[in-house]
Amino acid sequence: MNSDDLKKRTKEFAHKCVKVAVLLPRNYLGNHVQSQSIRCGTSVAANYRAVCVAQTKAGFISKLSIVVEETDESYFWLEFIIDEKLLNKKSVETLLDEADQLRAIFISSRKTAQKK
């Protein structure tokens, strides 16, 4: 998978996070989780684009670390949605799996970059 594929994949992830977030109940907890989910889900895509234009190895690793953190936070909020029964588990599972896969990809990429 090349950087263009990952740009597309992370952007699709962001869109799906937004779509799930807008389904959340309109109450204090739902609004809070909605805001957090949208922020970190879209941040994955935006920060991955920054990784792609990093000018130094240190900058690349630093920006990639942000992507790892935001992907992990997205995973947390998706789990939280399920735990709190804010949405049906089935409606979140696919996105949860995608967050897990993206997190693994970015962690692996960071390890590879740190070895070089």
Side-chain angles (χ1 to χ4, degrees):
M1 179 168 287
N2 65 34
S3 64
D4 286 337
D5 293 333
L6 272 173
K7 280 183 192 176
K8 182 179 177 188
R9 190 168 170 182
T10 57
K11 190 175 182 182
E12 287 172 8
F13 177 75
H15 284 296
K16 289 177 184 176
C17 284
V18 170
K19 286 179 177 145
V20 165
V22 299
L23 297 174
L24 291 166
R26 292 306 214 169
N27 57 35
Y28 184 78
L29 179 59
N31 292 340
H32 175 72
V33 175
Q34 180 185 66
S35 176
Q36 294 296 326
S37 297
I38 290 172
R39 185 198 54 75
C40 59
T42 57
S43 182
V44 171
N47 281 294
Y48 181 70
R49 292 183 69 89
V51 168
C52 294
V53 296
Q55 295 182 354
T56 65
K57 179 182 175 183
F60 177 87
I61 292 168
S62 175
K63 291 173 191 317
L64 195 53
S65 293
I66 293 168
V67 176
V68 169
E69 290 171 7
E70 296 296 335
T71 307
D72 188 61
E73 186 175 344
S74 295
Y75 188 91
F76 167 81
W77 288 114
L78 291 165
E79 270 188 325
F80 192 84
I81 289 168
I82 294 168
D83 293 345
E84 287 294 318
K85 297 177 179 47
L86 296 173
L87 293 174
N88 183 311
K89 185 177 180 179
K90 271 238 185 249
S91 63
V92 182
E93 281 180 325
T94 303
L95 193 54
L96 188 67
D97 182 56
E98 178 67 356
D100 192 40
Q101 288 180 37
L102 287 171
R103 181 176 54 184
I105 290 167
F106 296 129
I107 288 171
S108 177
S109 296
R110 183 176 59 185
K111 285 180 183 175
T112 299
Q114 289 171 328
K115 289 179 185 175
K116 292 181 179 180

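Here the structure is a predicted model, which means the values were calculated and not measured.
- Annotation: side chain to side chain contact (heavy atoms under 4.5 Å, CB included) contacts of S3 (sequence neighbours excluded): Y48, C52.
- Within 6.0 Å of the CZ atom in R49, the count of heavy atoms belonging to other residues, nucleotides or ligands does not exceed 12.
- Smallest separation of non-hydrogen atoms from F13 and G41: CD2-O, 4.0 Å.
- With a 4.5 Å cut-off on side-chain heavy atoms, V67 and T71 count as touching.
- At least one side-chain heavy atom of S109 sits under 4.5 Å from a side-chain heavy atom of L64.
- At least one side-chain heavy atom of P25 sits less than 4.5 Å from a side-chain heavy atom of L86.
- Cluster annotation: M1 and V51 are assigned to the same hydrophobic cluster (Ile/Leu/Val/Met/Phe/Trp/Tyr, side-chain heavy-atom contacts under 4.5 Å, transitive).
- Judged purely by atom type and a 3.5 angstrom limit, S65 uses its side chain to pair as donor or acceptor with the backbone of I61.
- Taking the side chain as every heavy atom from C-beta outward, F106 and E69 never approach each other to under 4.5 Å.
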Please walk me through it: do K16 and V20 pass side-chain contact (heavy atoms from CB on, under 4.5 Å)? CA-CA 6 Å; K16 289 177 184 176; V20 165; 5.7 Å; no
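- L102 places a side-chain heavy atom less than 4.5 Å from the side chain of L6.
- Taking CG from N88 and CD from E93, the interatomic distance works out to 8.5 Å, rounded to the nearest 0.5 Å.
- Residues F80 and V18 do not share a hydrophobic cluster, defined by chaining ILVMFWY side chains whose heavy atoms lie under 4.5 Å apart.
- The side-chain heavy atoms of W77 and C17, taken from C-beta on, include no pair separated by under 4.5 Å.
- Residues I38 and L96 are members of separate hydrophobic clusters, defined by side-chain heavy-atom contacts under 4.5 angstrom among Ile, Leu, Val, Met, Phe, Trp and Tyr.
- With rounding to the nearest 0.5 Å, the separation of CG in N47 from CD1 in I66 is 5.5 Å.
- Here the straight-line distance linking atom OG1 of T10 with atom NE2 of H15 works out to 10.0 Å at 0.5 Å rounding.
- Distance CG/L78 to OG/S91: 10.0 Å, rounded to 0.5 Å.
- Residues forming a salt bridge (charged side-chain N to carboxylate O under 4.0 Å, His left out) with R9 (at least two apart in sequence, or on another chain): E98.
- Within 6.0 Å of NZ on K11 lie no more than 12 heavy atoms contributed by other residues, nucleotides or ligands.
- One finds a salt bridge joining R103 and D100 here, because a Lys/Arg side-chain nitrogen approaches an Asp/Glu carboxylate oxygen to under 4.0 Å.
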Determine, step by step, whether N31 and R26 satisfy the side-chain contact (heavy atoms from CB on, under 4.5 Å) criterion, reporting the C-alpha distance in whole Å, the side-chain angles of both residues, the deciding distance to 0.1 Å, and the verdict. CA-CA 6 Å; N31 292 340; R26 292 306 214 169; 3.3 Å; yes
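- Taking each heavy atom of Q34 and V22 in turn, the nearest pair found is NE2-CA, 3.3 Å.
- V44 places none of its side-chain heavy atoms less than 4.5 Å from the side chain of C40.
- Rounding to the nearest 0.5 angstrom, the gap separating the CD atom in Q114 from the CZ atom in F60 is 10.5 Å.
- Interatomic distance, CG of L95 versus CD of E12, reported as 11.5 Å (0.5 Å rounding).
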